[in-house]
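Heads up, the thing below is written out as structure tokens.
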2 protein chains.
Amino acid sequence: MAGSNLHAVAKEAGVSVSTASRVLNKAPGTVAISAATIARVRAAANSLGYVPHAAARMLRTGRSRCIGVLGAHPSFFAARGHFTGEIMAGLMRAGVELGYHTTLLTGWEHFVAGGDIHADLGSADGLLVLNRDLYQNPAHMDTIRRCRIPVVYALEHPDGDPDVVYARPDDEQGGRLAVEALRHAGHERIGFGRNREWQGIFGRRQRGWETAMRAAGVELRDDWVFNETPDPQCVAELGLTAIIGANQSIGRTAHQVLADAGVPVELVVFGHLDERGAPLQDDPAVAHDLAGCIARAVHQLVGLIEGKTIDRQILAPMAFHPSTTALAGPTR
Amino acid sequence: MAGSNLHAVAKEAGVSVSTASRVLNKAPGTVAISAATIARVRAAANSLGYVPHAAARMLRTGRSRCIGVLGAHPSFFAARGHFTGEIMAGLMRAGVELGYHTTLLTGWEHFVAGGDIHADLGSADGLLVLNRDLYQNPAHMDTIRRCRIPVVYALEHPDGDPDVVYARPDDEQGGRLAVEALRHAGHERIGFGRNREWQGIFGRRQRGWETAMRAAGVELRDDWVFNETPDPQCVAELGLTAIIGANQSIGRTAHQVLADAGVPVELVVFGHLDERGAPLQDDPAVAHDLAGCIARAVHQLVGLIEGKTIDRQILAPMAFHPSTTALAGPTR
DNA sequence: CTGAAAGCGCTTACAG
DNA sequence: CTGAAAGCGCTTACAG
């Protein structure tokens, strides 16, 4: 790199290495140093383009200012969709804010193959887990625990453990929001479409729907929930006039299938926002700020690393975004 | 981490730290060590769960086994599309193969804001540039050069510099491929649709189209290329029977606009493959293996870092993927 | 074939 | 207010 080290800076400033280190590292006021010394060391560091050697610092302090991100299998990242971009945006934003690096733990594949992730985690001060396969496997969890570094979960997280730290969208509240929007437009009989993926997230969205529907005094039946694609005849018989899609694709498909079968329904989906906060889908949607959520998780993690008190369980509220055309009322 | 160090391993094995280090690091046969010693050190390291301290090793060797990835602004990652996922997949694949970590240089935003990226690059052995804003700015290039670490470009790269190292899809060959496919179906008058984004990539695709068309003896005119959306009347007058879209969105839109105006054309787009190598779009497409390309770029970079001889300019061939329905011939 | 020693660059008690 | 010294864990000439 730049090549100059503390020794050179100290020499240039005419002070000892210790003093140079103190000037450059200690928060002003924390330690007594003369103003003249401070000025000379700063000037020397500047003129030499001094950049602290990260490895040396880490060896000494035991901190790398680097967090590991345990994502999913590459094929997940390679899946269609907006997902990865939001995650990246959140990671970078928080990294810049906090002065931390972000390492993709490329060892993940080794890890799930029964390999040893210790080497990969070795230089991370903390671990951000974005992966639900992981914590559902006790052996994997044990491996992570042995690393003895703070762990924060985003997106999905182990349930029922009060010590777990996470930040995620409030999917249940999102489900209630979707019901509210449709009820406001006059709908009373509202179905819920999901699939068997993402049990945690889709499950919470469904629970929100259930809660809001029950609160509105609607008698729910199991067949108001469909998997993947609804049966138009069944929807017609149940008299559903609207559906909520646990994601955009499920909602879109269901909407289309029903329309084609002459059973039109109104649709609200769970969707995404773009980087300017505008909804990414044309359908009316309940959406979360995923990038913001990831960024908050990183803040939690750095808080843990640095021993600060933090909110250990963050639920980020979702918001309803109407489409360009207002929600229509029941047509049947 | 695990807490045990070389010292502990050496003690357990009854050898010196030097010997333990040699056993654990030198390639077998490189250095003379007795078989018994090797066995004892290996056993000790295993039983203690020894993991080398990355920072200490780096401080000593000056190598971090970590490469920096200078991507784009988060808003780019957050854009719709398949892009980021393929990049991630390529990075992870190569990282695992080569035993290198991958650091997202979160300092990019600081960098373009005129900040100093040295601190971020400090611990990277090499730099992968995925960003075209960067090398078009002399000041940024200068900053990178001062880091004195090897640099490899993927996706886009500076033109005309014979020393530059890159791996990217062969877009020009892809353009020729698209023409071939359409000519094979009987088309002779083939237009090209692009926009003003991605000058480098779209320009090369266009150049491939030009080359193949000229080679086929077709007299090209400037108005066979349209920006964003074609003028149906113009297309009809020119007698174009097919178009090539520089990406899927441009191609799709143009195809639709022309069909709506009663000027149907056959369409081939530039597209993507999913992680199993299947095309991601319904239209007939010329597609590249972007993840593979990124992985090859990482291999180049690690080759440079480790002083091996490498292919300095890699052009990965693209392939034509017909859709489920074969290409139709000219209809007008 | 093996070990003792130096040193990578930094931070931090400790001693003035 | 400042400096000399120890030591983080490792690798590698150097000397046996």
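Numbers restart at 1 for each chain; the letters A, B, ... are given by sequence-line order, proteins then strands.
Among pairs with a residue in residues 54-67 of chain B, those fulfilling salt bridge (Lys or Arg N to Asp or Glu O under 4.0 Å) read B:Arg65-B:Glu306, at least two apart in sequence or across chains. Legend: salt bridge (Lys or Arg N to Asp or Glu O under 4.0 Å) pairs involving residues 288-302 of chain A, not counting sequence neighbours: none detected.
With sequence neighbours excluded, the residues satisfying side chain to side chain contact (heavy atoms under 4.5 Å, CB included) with A:Val31 are A:Arg22, A:Lys26, A:Ile33. Shown here are the side chain to side chain contact (heavy atoms under 4.5 Å, CB included) partners of B:His299, two or more places apart in sequence or in another chain: B:Ala94, B:Glu97, B:Leu98. Considering only residues two or more places apart in sequence or on other chains, A:Thr61 meets the side-chain hydrogen bond (donor to acceptor under 3.5 Å, both in side chains) condition with none of them. Shown here are the side chain to side chain contact (heavy atoms under 4.5 Å, CB included) partners of A:Val17, two or more places apart in sequence or in another chain: A:Leu6, A:His7, A:Ala10.
When all heavy atoms of B:Ala297 and B:Leu128 are compared, the pair lying nearest together is CB-CD1, 3.7 Å. Taking each heavy atom of A:Thr30 and A:Ala27 in turn, the nearest pair found is OG1-O, 2.5 Å. Between B:Ala154 and B:Ile294 the shortest heavy-atom distance is CB-CD1, 4.0 Å.
A gap of 16 Å separates the C1' atoms of D:dG16 and D:dT12, to the nearest Å.
For the segment residues 30-43 of chain B, the set of residues with a heavy atom within less than 4.0 Å of an atom of DNA chain D is empty. Using a 4.0 Å cutoff on non-hydrogen atoms, the parts of residues 13-23 of chain B near DNA chain D are B:Val17, B:Ser18, B:Ser21, B:Arg22, ordered by number.
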Ignoring hydrogens and angles, write down the donor-acceptor pairs under 3.5 Å from the side chains of residues 155-169 of chain A, residues two or more places apart or on other chains.
from: A:His157; atom 1: NE2; to: A:Arg168; atom 2: NE; distance (Å): 2.8
from: A:Asp161; atom 1: OD1; to: A:Asp163; atom 2: N; distance (Å): 2.8

Under 3.5 Å, which donor-acceptor pairs link side chains of residues 40-47 of chain B to any protein atom two or more places apart or in another chain?
from: B:Arg40; atom 1: NH1; to: B:Ala13; atom 2: O; distance (Å): 2.7
from: B:Arg42; atom 1: NH2; to: B:Val23; atom 2: O; distance (Å): 3.4
from: B:Ser47; atom 1: OG; to: B:Ala44; atom 2: O; distance (Å): 3.3

Original post:
Can you give the dot-bracket line for DNA chain D, using ( ) for pairs inside the strand, [ ] for pairs that cross earlier ones, | for pairs with another strand and . for unpaired bases, where Watson-Crick and G-U count if both distances are under 3.5 Å?
Top reply: |||.||||||||.|||

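A donor-acceptor pair is defined here as one N or O able to donate and one able to accept, closer than 3.5 Å; such a pair exists between the side chain of B:His53 and the backbone of B:Ala55.
The span of DNA chain C lying next to chain B, judged by atoms under 4.0 Å from heavy atoms, is bounded 5' to 3' by C:dC1 to C:dG9.
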